[in-house]
Amino acid sequence: MPKLPRKDKYTLALVPLSGCGGCEVQALRAIALAKDLQDKYEIVYWPLVVESTKLPDHVDVAMIEGLVRTKENLEMLREIRKRATVLIALGSCASWGGIGGTADSFSARLSMKAIYGREEIPESSEMLPRAYAPADLVPVDYVISRCPPPYEHIMLTLRAIAEGKPVTTADSTVCSQCPRKMKPIKKLEFKPGPPGPDADPETCFLSQGYLCLGSVTTLGCGAPCPRHGIPCFGCGGPHHEIVERRDMDIITALARKIATLAGLDPTKDLDMVIEKLLKVYGARRFYVFTFASQILRGKPHGYAVKALVETRRDPSLRKKLEERARFAAGETEEPP
């Protein structure tokens with residue numbers, strides 16, 4: 001990772017791309033709550049915070065949030081990579097594509113028509129054919145994932161960079177922070193809906209037959225969702241072993257853990273468990289926050305591309321979007 005030369009104060013920029021702004025709010029909280037960061041950094045570009053609208057020729061540390069959806073996003077991403085010594089991907093969208101990456105479920109033209117009634121709006125930014133995670137397009141030095149990222153993680157990262165210290169990285173999963181107890185699976189069956197009132201609040205969701213991605217998602221959040229009765233959706237991104245190994249994908253890694261809990265052979269029975277998972281949930285359910293990730297789409301034995309193809313070919317989903325497009329264009333009454 002690049003090291004900054006010793007300075008009394010470093011320049012800091014936050015560049016928003018196509019995102020909801022939640023990551024920016026967390027970054028603002030981090031700096032507002034940490035007086036030492038205010039002393040260590042001078043904010044030179046951040047549309048939400050400072051009035052300057054010009055990106056400086058050089059920035060010591062820059063954070064990018066949101067995904068790349070327009071030509072303008074892509075140009076800005078390339079520029080900040082050239083000008084920043086250290087570049088941080090902030091949040092799930094910048095790291096893995098995030099919720100915004102599900103825009104790839106359909107073509108940009110059909111989605112535009114469903115929202116605005118027109119496939120193109122001349123006065124708006126030019127849409128790219130697909131959504132991209134910024135970390136797939138340019139080299140990034142650090143990733144602070146989650147939706148939104150905990151402000152404590154932002155504090156620790158900025159502090160470590162300014163002090164010339166290594167940034168601590170996670171090496172486990174959300175399961176390691178979850179208080180629920182994992183128990184053997186007596187009968188291999190999966191429940192399609194969310195946990196109901198009959199779900200045991202102290203037992204692992206997987207052990208009860210509910211889909212939870214905690215065992216394949218990198219730790220760091222403290223498992224707030226499972227603690228409050230909601231299975232993990234994987235907003236932190238896949239565990240580094242899944243990212244690094246070409247033979248491992250979110251679904252395959254999860255299926256191996258389920259097979260072990262069920263007393264099955266995680267090698268011989270793997271395909272059977274995967275088939276059951278896909279039948280109940282469909283491939284897309286496993287990529288809620290990583291649908292646009294090129295890392296996962298490039299897995300030779302992965303299911304991200306399968307999820308993309310299945311979604312685009314789903315006649316019921318396409319019919320709904322086309323009905324919405326006709327309504328947006330003023331051709332029909334609002335669809336149910």
Side-chain angles (χ1 to χ4, degrees), residues 1-68 72-98 132-170 218 220-221 236-237 240:
M1 296 298 176
K3 282 194 174 183
L4 297 171
R6 284 291 180 183
K7 289 183 181 179
D8 292 332
K9 208 161 193 175
Y10 297 101
T11 54
L12 175 68
L14 194 150
V15 178
L17 302 177
S18 288
C20 68
C23 296
E24 289 191 76
V25 171
Q26 290 295 81
L28 185 58
R29 289 181 71 193
I31 295 173
L33 293 171
K35 179 64 169 59
D36 64 310
L37 292 182
Q38 298 171 33
D39 295 334
K40 288 180 171 70
Y41 289 97
E42 176 190 1
I43 300 172
V44 292
Y45 180 86
W46 188 350
L48 179 69
V49 175
V50 297
E51 293 184 357
S52 176
T53 58
K54 184 180 179 182
L55 194 64
D57 293 334
H58 176 264
V59 178
D60 292 317
V61 180
M63 295 184 283
I64 48 172
E65 73 90 22
L67 72 158
V68 174
E72 183 181 14
N73 290 159
L74 181 58
E75 291 170 353
M76 179 60 87
L77 175 64
R78 287 171 173 168
E79 279 303 312
I80 194 59
R81 176 63 280 186
K82 289 177 186 176
R83 303 183 191 196
T85 302
V86 175
L87 186 63
I88 301 169
L90 183 64
S92 296
C93 289
S95 307
W96 306 103
Y132 295 91
D136 285 335
L137 299 178
V138 300
V140 298
D141 301 301
Y142 299 99
V143 169
I144 308 177
S145 194
R146 310 209 106 76
C147 183
Y151 69 86
E152 297 93 340
H153 293 191
I154 302 171
M155 280 182 183
L156 292 171
T157 303
L158 290 178
R159 191 173 288 134
I161 292 171
E163 294 173 355
K165 298 178 180 179
V167 176
T168 303
T169 56
T218 190
C221 58
H240 73 84

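Basis for what follows: all heavy atoms, side chains included, without hydrogens, waters or symmetry-related copies.
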J.: Do the side chains of Trp46 and Leu28 get nearer than 4.5 Å, heavy atoms only?
T.: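 In contact.
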
J.: Are Asp141 and Arg81 close enough for a salt bridge, meaning some N to O gap below 4.0 Å?
T.: yes

J.: Check Arg78 with Glu75, please: is the shortest side-chain N to carboxylate O separation under 4.0 Å?
T.: no

J.: What's the spacing between Ser18 OG and Glu72 CD if we round to 0.5 Å?
T.: 8.5 Å

J.: Identify the heavy atoms of Leu33 and Met155 that sit nearest to each other, and give their distance.
T.: CB-CE, 3.5 Å

J.: If every non-hydrogen atom of Glu65 is compared with every non-hydrogen atom of Leu14, which pair is closest and at what distance?
T.: CG-CD2, 4.0 Å

J.: Do Leu17 and Pro134 touch side chain to side chain, with heavy atoms closer than 4.5 Å?
T.: yes

J.: Do the side chains of Arg159 and Glu163 get close enough for a salt bridge, i.e. N-O under 4.0 angstrom?
T.: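 So Arg159 does not pair with Glu163 through a salt bridge.
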
J.: Less than 4.5 Å apart, any side-chain heavy atom of Leu137 and any of Val68?
T.: yes

J.: Please round to the nearest 0.5 Å and tell me the distance separating atom CG of Leu55 and atom CZ of Arg83.
T.: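 That separation rounds to 4.5 Å.
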
J.: Look only at the side chain of Ser92 and the backbone of Arg146, and say whether a donor-acceptor pair between them is shorter than 3.5 Å.
T.: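 Such a contact is found between Ser92 side chain and Arg146 backbone.
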
J.: Distance from Thr157 atom OG1 to Met63 atom CE, nearest 0.5 Å?
T.: 9.5 Å

J.: A side-chain contact here means heavy atoms from C-beta on lying under 4.5 Å apart; do Ile31 and Leu12 qualify?
T.: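 Result yes, sub-4.5 Å side-chain heavy-atom pair found.
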
J.: Pick one: which of Leu90, Asn73, Ile88, Val15 meets side-chain contact (heavy atoms from CB on, under 4.5 Å) with Ile64?
T.: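 By the side-chain contact (heavy atoms from CB on, under 4.5 Å) criterion, Ile64 pairs with just one of Leu90, Asn73, Ile88, Val15: Val15.
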
J.: Looking at Glu152, I want to see if its CD is surrounded by more than 12 non-hydrogen atoms of other residues, nucleotides or ligands under 6.0 Å.
T.: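 Yes, because the 6.0 Å sphere around CD of Glu152 holds more than 12 heavy atoms from other groups.
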
J.: Do any N or O atoms from the side chain of Tyr41 and from the backbone of Leu158 form a donor-acceptor pair under 3.5 angstrom?
T.: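 Pair found, side chain donor or acceptor close to backbone of Leu158.
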
J.: In Å and rounded to the nearest 0.5 Å, what is the CD1 to CG distance from Ile144 to Leu156?
T.: 9.0 Å

J.: Indicate the atoms forming the closest heavy-atom contact of Ile80 with Ala62, along with that distance.
T.: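 Looking at all heavy atoms of both residues, the closest pair is CG1-CB, 3.6 Å.
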
J.: What's the spacing between Ile154 CD1 and Cys23 SG if we round to 0.5 Å?
T.: 7.0 Å

J.: Where is the tightest heavy-atom contact between Pro56 and Tyr45, given as atom of each residue plus distance?
T.: CD-CB, 3.9 Å

J.: Given side chains that start at C-beta, do those of Tyr142 and Ile161 come closer than 4.5 Å, heavy atoms only?
T.: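 Counting from C-beta outward, Tyr142 and Ile161 do come under 4.5 Å.
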
J.: Using every non-hydrogen atom in the two residues, find where Ser145 and Pro150 come nearest and quote the distance to one decimal.
T.: O-CD, 4.3 Å

J.: If you compare all heavy atoms of Ala133 against all heavy atoms of Gly97, which two are closest, and at what distance to 0.1 Å?
T.: CB-N, 3.4 Å

J.: Short question: side chain of Thr11, backbone of Asp60 - any donor-acceptor pair under 3.5 Å?
T.: yes

